[in-house]
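Reviewing the structure listed below.
What you are looking at is a predicted structure, and each value in this text was computed from that prediction instead of being measured. We count ligands from 1, going down the list as the structure has it; atoms in each ligand are counted the same way.
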Amino acid sequence: MNIHEYQAKAVLKSYGAPVAAGVPVLSLDDVQKAVDTLPGPLWVVKSQIHAGGRGKGKFVEAEAGEKGGVRLAFNKEDVFKFAEQMLGKHLVTAQTGQDGKQVNRLYIEDGADIDRELYLSLLIDRATGKPAFVASTEGGMDIEEVAHDTPEKILTLPIDPMAGVTDKDSAQLCDALKLEGSAREDGMKLFPILYKAFTEKDMSMLEINPLIVMEDGHLRVLDAKVSFDGNALFRHPDIQELRDKTEEDEKEIEASEWDLAYIALDGTIGCMVNGAGLAMATMDIIKLYGEEPANFCDVGGGAGKEKVAAAFKIIMKDPNVKGILVNIFGGIMKCDVIAEGVIAAVKETNLAVPLVVRLEGTNVDEGKAIIANSGLNVIPADDLDDAAKKITEAIKG
Ligand code: ADP
Ligand code: MG
């Protein structure tokens with residue numbers, strides 16, 4: 001689960017990390033409160049969406065001369081003007097796709113006098129199986145380019161989970177970030193704080209880009225992006241409350257309510273399968289036959305008729321779906337149950353696109369008979385190859 005920058009900063013602040021004063025803004029009425037609370041003389045108006053690259057982003061509705069999704073305001077009038085230009089508009093960044101994301105929240109923050117912009121993040125390093133800091137002096141808006149062109153400027157430092165962040169670790173991070181004087185003192189305190197927040201709150205990623213050294217020599221967290229491990233959310237009701245469903249794919253939310261693993265993709269063939277391995281194989285073979293999957297939908301091992309029908313309906317909500325491939329191996333799951341769920345969903349949704357069903361395993365004959373006797377226009381397939389061939393042909397008409 002992802003949260004907004006302002007929420008991430010509040011979490012980090014509760015652990016003692018240095019963040020600027022700021023006010024979240026949900027409507028234009030809140031802007032007055034923001035300028036009353038924040039002293040100035042510099043304010044920053046920041047679009048809150050679950051995507052990075054906001055500073056370099058562009059609003060679909062922008063007029064000539066308008067800047068990106070993060071703007072510096074040198075007077076109060078500009079704070080109001082920018083808020084009006086941003087709220088409710090669609091911000092396109094390198095991470096949003098071409099339609100952009102509607103900005104429903106802003107964060108108005110104290111402007112900082114920046115000396116240097118650094119990069120710092122914490123994640124789980126799969127190579128060592130440990131949490132690791134990633135640090136670079138080259139922070140700001142182009143870290144992807146740094147990683148690509150000059151990877152030697154990035155330090156990855158795994159942390160021993162039994163020992164936590166030692167002074168030696170912190171010193172190494174300070175060296176990598178070239179921190180001196182009060183910035184170094186701040187850094188020695190900050191790294192353990194971030195590590196504590198990361199582990200206690202079950203974060204899967206914590207990215208601060210930029211972490212800044214200010215003109216006065218102190219450090220400040222200027223941007224914060226946090227993702228939480230969904231499997232651990234049950235023990236963090238405070239974090240669950242931060243969820244902003246308007247930022248998530250509607251179909252993925254519905255799927256999570258049914259405990260379905262559904263990921264929306266860009267292609268045209270909807271897939272309903274059981275088991276992640278079979279899902280991968282199904283997507284691969286669709287590609288082999290020259291088409292692209294519209295989604296990854298895994299109904300899991302023990303799905304009943306209702307869950308299968310729900311999965312089917314979620315897949316049908318995607319307007320790009322031109323055909324559906326159901327590929328199920330009945331192990332624990334029984335093919336007749338799947339067949340009944342598919343038939344029920346086809347009737348309920350008045351399915352208008354071709355449907356190929358490949359069943360194998362427990363009760364396969366009963367399952368096939370249910371489909372054959374349904375009187376519905378369902379194309380049966382014998383094996384995976386046959387199924388892929390039939391669905392890719394069927395969508396071409
Ligand atoms: P994004 O990464 O989505 O582009 P950031 O929050 O990193 O958004 O902001 C982009 C840039 O805007 C930063 O690299 C920094 O230069 C500037 N900026 C952001 N917040 C402030 C602030 N409070 N004071 C001064 N400059 C800021
Ligand atoms: Mg940033």
Side-chain angles (χ1 to χ4, degrees), residues 2-13 17-25 31 34-35 37-59 62 66-76 78-79 82-83 85-86 89-97 100-123 134-147 154 177 194 205-227 244 247:
N2 298 324
I3 57 173
H4 289 291
E5 172 199 359
Y6 77 91
Q7 297 167 324
K9 283 179 171 170
V11 172
L12 296 180
K13 191 178 173 195
V19 299
V23 177
V25 167
V31 180
V35 294
T37 317
L38 304 170
L42 176 63
W43 297 265
V44 186
V45 185
K46 309 186 78 172
S47 308
Q48 300 295 295
I49 53 172
H50 288 185
R54 297 163 301 162
K56 289 195 166 175
K58 201 171 182 305
F59 282 94
E66 252 188 59
K67 297 243 167 47
V70 174
R71 299 186 200 169
L72 302 184
F74 294 90
N75 55 62
K76 293 187 180 182
D78 273 355
V79 176
F82 294 159
Q85 287 171 337
M86 292 156 98
K89 308 294 166 44
H90 298 80
L91 181 60
V92 182
T93 82
Q95 297 180 5
T96 59
K101 277 194 155 185
Q102 186 167 16
V103 175
N104 299 318
R105 304 180 190 195
L106 301 173
Y107 190 44
I108 299 180
E109 199 181 59
D110 247 345
D113 291 323
I114 304 174
D115 178 22
R116 290 197 295 136
E117 299 201 4
L118 315 170
Y119 178 91
L120 184 68
S121 63
L122 256 169
L123 39 77
V134 178
S136 173
T137 50
E138 310 301 304
M141 295 192 263
D142 297 309
I143 190 67
E144 288 81 5
E145 278 170 40
V146 179
I154 298 178
L177 295 172
L194 296 177
M205 191 205 62
L206 162 58
E207 185 183 58
I208 298 172
N209 187 26
L211 171 70
I212 58 163
V213 182
M214 295 190 290
E215 298 282 357
D216 69 7
H218 286 285
L219 288 185
R220 183 179 276 179
V221 170
L222 210 65
D223 187 10
K225 197 181 285 162
V226 171
S227 306
D244 177 2
E247 291 286 327

Please state whether Ala20 comes within less than 4.0 angstrom of ligand 1, counting heavy atoms only.
no
Which atom of Ser121 lies closest to which atom of Glu207, heavy atoms considered:
CB-CA, 3.8 Å
Candidates Glu207, Glu5, Glu117, Arg71; heavy atom nearest atom 13 (C) of ligand 1 found on Glu117
Among Lys46, Gln48, Arg105, which one satisfies side-chain hydrogen bond (donor to acceptor under 3.5 Å, both in side chains) with Tyr6?
Arg105
Does the N or O separation between Ala112 and ligand 1 drop below 3.5 Å for any pair?
yes
Pull out every atom of ligand 1 sitting under 4.0 Å from any heavy atom of Asp223, numbered as shown with elements.
1 (P), 2 (O), 5 (P), 6 (O), 7 (O), 8 (O)
If we number the atoms of ligand 1 from 1 as shown, the ones under 4.0 Å from a heavy atom of Asp110 are 23 (N)
Ligand 1 and Arg54, any nitrogen or oxygen pair closer than 3.5 angstrom?
yes
Closest non-hydrogen atom pair, Arg116 against Thr137:
NH1-CG2, 4.1 Å
Any side-chain heavy atom of Leu12 sitting closer than 4.5 Å to one from Leu194?
yes
Passing candidate, side-chain hydrogen bond (donor to acceptor under 3.5 Å, both in side chains) with Asp244, options His4, Gln7, His50:
His4
Using a plain distance cutoff, I'd like to know if Glu109 has any nitrogen or oxygen under 3.5 Å from a nitrogen or oxygen of ligand 1.
yes
Between the candidates Met214, Arg220, Lys46, which shows the shortest non-hydrogen contact distance to atom 20 (N) of ligand 1?
Lys46
Ligand 1 contacted by Leu42 (non-hydrogen, < 4.0 Å)
no
By number and element, which atoms of ligand 1 are closer than 4.0 Å to a non-hydrogen atom of Gly55?
1 (P), 3 (O), 4 (O)
Side chain, backbone, both or neither: the part of Thr93 lying under 4.0 Å from ligand 1 by heavy atom
neither
Determine whether more than 12 heavy atoms belonging to other residues, nucleotides or ligands lie under 6.0 Å from atom NZ of Lys89.
yes
In short, Leu106 meets Met86 closest at the heavy-atom pair CD2-CB, 3.9 Å
With heavy atoms of Gly111 as the reference, note each atom of ligand 1 found under 4.0 Å away.
24 (N)
Nearest non-hydrogen partners of Gly52 and Lys225, listed with the distance:
CA-NZ, 3.3 Å
Near Asn209, which atoms of ligand 1 are under 4.0 Å from a heavy atom of that residue?
7 (O)
Are any non-hydrogen side-chain atoms of Phe82 and Glu66 less than 4.5 angstrom apart?
no
Atoms of ligand 1 less than 4.0 Å from Ile114 heavy atoms?
16 (O), 25 (C), 26 (N)
Side-chain touch Ile108/Val79, heavy atoms, less than 4.5 angstrom:
yes
Under 4.0 Å from a heavy atom of Val70: give me the atoms of ligand 1 that qualify, with their elements.
8 (O), 9 (O), 12 (O), 19 (C)
By atom name, which N, O or S atom of Asp223 is the nearest to the Mg ion (ligand 2)?
OD2
